[in-house]
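A quick write-up on the structure given underneath.
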Amino acid sequence: MAPQKKRADSNPDLEDQNILVKDANIWTGHGFTRGSILIEEGRIRKTSRRTDAGRHEAIDASGLCALPGLIDVHVHLRDMGLAYKEDFATGTAAAAAGGFTTVLDMPNTLPPTDTPRRLVEKEREASKKARVNIGFHAAAVPEAKTTQALARAGAFSLKLYMPKPIAPFNVEDDAQIRQLMNNAREARIPVTVHAEDIVSRKETPATDSFRQLADGRPPIFETRAVERIVRIQRQTGCKVHFCHLTLKSSLDKIAAESSSVTSEVTPHHLWLSQRVLEKVGWKAWMVPPLRSEAERRRLLSATCSGASDVVASDHAPHTVGEKERQPGSSLPGVPGLETELPLMLTLVSKGTLNLSLLVKLLADNPARIFGLRSKAKLRPGYDGDVILVDLKKRSRIDSSKFFSKAKFSPFDGMTTKGALVSTIVSGRLVYHDGEMLGKEGCGPVLRSSFSS
Ligand code: DOR
Ligand code: ZN
């Protein structure tokens with residue numbers, strides 16, 4: 001049961017967080033039921049067949065499906081010293097336009113999110129700019145004291161970036177990783193992992209093609225990283241979430257572990273293979289890199305059979321100038337917030353993925369893993385985060401229309417079936433039919449509650 005806040009007698013400050021979503025097909029967790037959702041003071045008050053809007057604003061949702069607001073647990077919204085790539089206002093606009101009512105931001109920023117003070121600075125900046133719920137991951141740090149302090153300050157995880165740790169950290173040394181996991185377990189905070197064990201590779205091979213660059217980060221790096229981290233996790237009992245996995249074998253290994261170990265895949269690894277990298281080059285360059293077509297198919301079919309816990313975008317904006325450089329200098333990462341939902345709904349329309357699993361991968365499981373207890377259900381007492389989608393609507397991906405500052409995509413020109421119509425965050429209509437209605441700063445800043 002979601003925590004139910006005591007209702008004050010109509011608080012005028014919260015009146016703009018009242019809305020009636022009328023005549024929708026409401027997602028129940030198993031299927032749809034026809035009715036309306038009344039959101040008052042930012043929370044779902046009731047769902048019922050007939051509801052009078054009273055004085056509240058009403059939105060006509062007939063013919064549309066109401067789903068719980070989606071949660072993207074892996075985004076790089078940059079800001080601070082990297083605001084020229086993306087900032088909290090544009091990144092959360094991209095989230096709202098993509099159906100995400102909650103995002104968790106990664107710590108590889110300038111400065112990095114590696115102290116409680118820097119975490120609080122980011123929270124303060126986000127509270128002025130965000131349009132959707134936003135929380136923060138912190139960097140994996142070696143000291144127990146900082147780990148405790150980051151957890152108390154509301155960090156959602158400690159991110160261990162194996163190819164190049166953010167804080168000084170020797171990833172070649174199992175003992176240091178064990179210490180990190182012991183600290184994290186005591187602070188009751190999960191460790192999120194970028195699983196590429198590149199320790200045996202001493203330098204970037206000289207290359208003039210993106211394909212060769214990808215070959216320099218082969219699947220064995222991921223396999224080795226997953227095996228090592230799982231082995232150390234078993235010794236510590238810490239919660240571990242593996243980011244952007246690319247291999248079915250990784251998902252299978254993780255599924256065989258305890259529920260403390262969870263997995264995530266991205267839409268780009270599900271949809272694209274090295275063939276696309278050869279065709280579009282920098283637009284499809286990210287790490288971990290795209291894999292072979294056979295591997296991609298295995299990952300997709302495993303994910304659609306429930307082998308992964310989460311789908312996340314790894315939204316990683318850069319300027320076109322930073323991307324267009326030669327292989328080896330081009331920065332890895334692609335924007336994904338505005339393509340993720342149409343791509344996943346297209347899989348549903350093809351019969352490859354069922355809608356129930358889509359909601360699990362994009363809302364239920366992210367909420368469970370990261371302790372967002374009042375989210376991901378359309379039930380009384382839960383947060384008023386709702387999206388409306390049209391399962392039949394066809395669109396064409398056009399990165400020039402992105403709300404993100406990063407106006408490129410490896411998916412440009414692709415036709416999708418199933419589209420977002422509206423995004424409601426805490427009872428406020430933030431996005432509707434191509435228009436950004438939410439003002440900067442209307443999105444709540446979230447702090448984790450692992451230790452409460
Ligand atoms: O492609 C990527 N881009 N992979 C990462 O792990 C980091 C990300 C970024 O921050 O640009
Ligand atoms: Zn990332």
Side-chain angles (χ1 to χ4, degrees), residues 72-87 91 94-95 100 103-114 122 135-140 156-166 171 190-198 204 210 213-214 216-217 221-222 225 229 241-246 250 263-272 274 276-277 280-291 310-325 327-337 339-340 366 370 404-406 408-411:
D72 195 328
V73 301
H74 188 151
V75 299
H76 299 263
L77 297 195
R78 317 290 193 204
D79 212 305
M80 320 306 275
L82 299 174
Y84 69 93
K85 295 178 196 254
E86 190 82 292
D87 60 42
F100 293 91
V103 291
L104 298 183
D105 175 64
M106 283 293 169
N108 59 335
T109 45
L110 199 67
T113 321
D114 58 356
K122 263 194 170 180
F136 296 95
H137 297 285
F156 279 86
S157 84
L158 300 177
K159 174 86 186 276
L160 178 62
Y161 188 59
M162 290 176 85
K164 195 163 175 272
I166 296 164
V171 274
V191 172
T192 42
V193 183
H194 178 124
E196 280 187 289
D197 205 349
I198 64 168
T204 312
F210 282 99
L213 208 59
R217 303 176 79 120
F221 286 7
E222 178 174 309
I229 295 292
H241 177 75
F242 283 97
C243 302
H244 46 47
L245 293 164
T246 64
S250 303
S263 56
E264 166 194 305
V265 296
T266 69
H268 46 262
H269 292 113
L270 294 176
W271 273 92
L272 309 176
Q274 280 166 351
V276 174
L277 182 61
V280 304
W282 61 266
K283 286 187 190 173
W285 172 238
M286 77 289 291
V287 292
L290 297 175
R291 302 298 187 199
V310 170
V311 170
S313 66
D314 194 8
H315 178 80
H318 296 289
T319 66
V320 168
E322 291 168 331
K323 294 287 297 176
E324 267 179 342
R325 298 172 189 158
S329 307
S330 171
L331 298 185
V334 294
L337 278 166
T339 49
E340 184 169 2
F370 291 96
S404 168
K405 288 186 186 179
F408 64 89
S409 170
F411 295 105

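Just so you know, ligand 1 is whichever comes first in the structure, and atom 1 is the first atom listed for that ligand. All values reported here derive from a predicted model rather than from experimental measurement.
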- Item | Closest protein heavy atom (residue, atom, distance) for atom 11 (O) of ligand 1 | Arg78 NH2, 2.9 Å

- Message: With a heavy-atom distance limit of 4.0 Å, tell me whether Asn108 approaches ligand 1 through its side chain, its backbone, both, or neither.
- Response: side chain

- Do any of the N/O/S atoms of His244, backbone or side chain, fall under 2.8 Å from the Zn ion (ligand 2)? no

- Message: Between the Zn ion (ligand 2) and Asp314, which N, O or S atom of the residue is the nearest one?
- Response: OD1

- Note on the structure: Residue, atom and distance of the protein heavy atom nearest atom 5 (C) of ligand 1 read Val287 O, 3.7 Å

- Note on the structure: His194 heavy atoms within 4.0 Å reach ligand 1 at atoms 6 (O)

- Task: Verify ring-ring contact (aromatic ring centres under 6.0 Å, His included) between His74 and His244, making sure each step is shown before the conclusion.
- Result: CA-CA 9 Å; His74 188 151; His244 46 47; 5.2 Å; yes

- Message: Looking at ligand 1, would Trp285 count as a contact under a 4.0 Å heavy-atom criterion?
- Response: no

- Would you check if the side chain of Glu86 reaches a backbone N or O of Leu77 as a donor-acceptor pair within less than 3.5 Å? no

- Query: How long is the gap from CH2 on Trp282 to CG on Leu331, to the nearest 0.5 Å?
  - Reply: 11.5 Å

- Query: For ligand 1, does Met106 get within less than 4.0 Å through its side chain, its backbone, both, or neither, judged by non-hydrogen atoms?
  - Reply: neither

- Sidechain-backbone polar pair: Asp197 side chain, Phe221 backbone, donor-acceptor under 3.5 Å: no

- Item | Side-chain touch Glu196/Pro288, heavy atoms, less than 4.5 angstrom | yes

- Task: Could you tell me whether Lys85 and Glu322 have a side-chain N and a carboxylate O separated by less than 4.0 Å?
- Result: yes

- Within the structure, does Gly333 bring an N/O atom to less than 3.5 angstrom of an N/O atom in ligand 1? yes

- Check ligand 1 against His76 and write out every atom of the ligand that is under 4.0 Å from a heavy-atom position of the residue. 8 (C), 10 (O)

- Message: With heavy-atom distances below 4.0 Å as the criterion, list the atoms of ligand 1 near Ala316.
- Response: 3 (N), 8 (C), 9 (C), 11 (O)

- Task: May I ask you to identify the nearest protein heavy atom to atom 3 (N) of ligand 1, giving residue, atom name and distance to one decimal place in Å?
- Result: Pro332 O, 3.1 Å

- Before accepting this row, confirm whether a basic side-chain N of the pair Lys122/Asp79 lies closer than 4.0 Å to the acidic partner's carboxylate O. no

- Query: So, His315 side chain and Leu337 main chain: donor-acceptor pair closer than 3.5 Å or not?
  - Reply: yes

- Query: Counting backbone and side-chain atoms alike, does His74 have an N/O/S atom under 2.8 Å from the Zn ion (ligand 2)?
  - Reply: yes

- Item | For His318, the ligand 1 atoms whose distance to one of its heavy atoms is below 4.0 Å | 11 (O)

- Does the gap between the ring centers of Phe156 and His241 come in under 6.0 Å? no

- Note on the structure: The atoms of ligand 1 lying under 4.0 Å from a heavy atom of Met286, numbered in the order shown, are 1 (O)

